[in-house]
Amino acid sequence: MIIGSQIILREKSLADARDDYAWETDPELAQLDAAPTITVTFSEYSADYASELRHPAPTSHQFAIDTLTSKHIGNCSYYNISETKGEAELGIMIGNRDYWDKGYGADAVATLVNYIFGETNLNRIDLKTLESNTRAQRCFLKCGFTPYGHLVKDGFSFVLMETKRNQWQEQQSKT
Ligand SMILES: CC(C)(COP(=O)(O)OP(=O)(O)OC[C@H]1O[C@@H](n2cnc3c(N)ncnc32)[C@H](O)[C@@H]1OP(=O)(O)O)[C@@H](O)C(=O)NCCC(=O)NCCS
């Protein structure tokens, strides 16, 4: 369990499947993430979910985001972990709209970045977000990510953002 100011990051469990299914079948959320809306039934989804929990991919690490009162509001992860390059990508979704624009996303991202640089040997974290998703960009900017390029993929335009261990260390030394 990793504790932030407003959130707790914890390991995923089968009990999260219901929320995750609701969020992954929500067209607006899928659109904000440039992801396809899933169309499988809940029983198919939960069977795959259980299998992924039993056999997690070695190149990714997922966390549930809970409020300090243990309400599950979203998920975040780092994935495409490359030990040789010392890099990983970061992803986040606050699925519960009641918790948007209240600092939960920024706290989850900052807590995950602290964990990655504090507890692993990775030196760089990057992410991509839709150019149209200005809320997400603002959230990542608040957490020390800086834009470094653009990518057009599958008809979507993304802003690429990154943060590096030395920037994080500099920031840590100021606080
Ligand atoms: C993107 C997301 C993680 C951000 O988390 P959050 O808790 O809502 O964000 P925060 O409150 O930490 O920060 C959002 C900031 O964006 C600002 N904001 C909100 N709407 C905005 C808009 N349309 N344009 C610009 N800034 C906006 C908020 O005012 C806030 O900035 P402030 O703290 O300086 O006032 C969350 O909203 C989410 O998961 N949304 C749905 C899925 C998604 O977009 N995923 C991201 C995929 S990369």
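Every number for a ligand or one of its atoms is a count from 1 in the order of the listing.
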Student: Is atom 29 (O) of ligand 1 near the protein, in the sense that some protein heavy atom lies at less than 4.0 Å from it?
Tutor: no

Student: Between R97 and D26, is there a salt bridge with N-O shorter than 4.0 Å?
Tutor: yes

Student: Looking only at distances, please establish whether an N/O atom of ligand 1 is found under 3.5 Å from an N/O atom of G103.
Tutor: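 There is such a contact, yes.
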
Student: Just go through L32, I92, D101, L29 and tell me whose heavy atom is the nearest to atom 45 (N) of ligand 1.
Tutor: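 Looking at heavy atoms only, I92 sits closest to atom 45 (N) of ligand 1.
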
Student: For F42, which residues count as a ring pair (Phe, Tyr, Trp, His ring centres under 6.0 Å) partner, sequence neighbours excluded?
Tutor: Y21

Student: How long is the span from the CG atom in L68 to the CD1 atom in I3, to the nearest 0.5 Å?
Tutor: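 It is 8.0 Å, given to the nearest 0.5 Å.
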
Student: Could you go through residues 102-110 and list every donor-acceptor pair under 3.5 Å that involves a side-chain atom there, pairing it with any protein atom two or more places apart or in another chain?
Tutor:
unit_1, atom_1, unit_2, atom_2, d
K102, NZ, D98, O, 2.5
D107, OD1, S5, N, 3.3
D107, OD2, S5, N, 2.9
D107, OD2, Q6, N, 2.5
D107, OD2, I7, N, 3.2

Student: So, does G74 sit close enough to ligand 1 that a heavy atom of it is under 4.0 Å from the ligand?
Tutor: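 No heavy atom of G74 comes that close to ligand 1.
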
Student: Which part of Q137 is near ligand 1, with near meaning a heavy atom under 4.0 Å away: side chain, backbone, both or neither?
Tutor: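 Answer for Q137: neither.
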
Student: Could a heavy atom of R97 be found less than 4.0 Å from some atom of ligand 1?
Tutor: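 Judged by the 4.0 Å heavy-atom criterion, R97 does not count as contacting ligand 1.
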
Student: What I want to find out is whether K71 reaches D66 closely enough, with some N-O distance under 4.0 Å, to be called a salt bridge.
Tutor: no

Student: Identify the closest protein heavy atom to atom 7 (O) of ligand 1: which residue and atom is it, and at what distance?
Tutor: G105 N, 2.7 Å

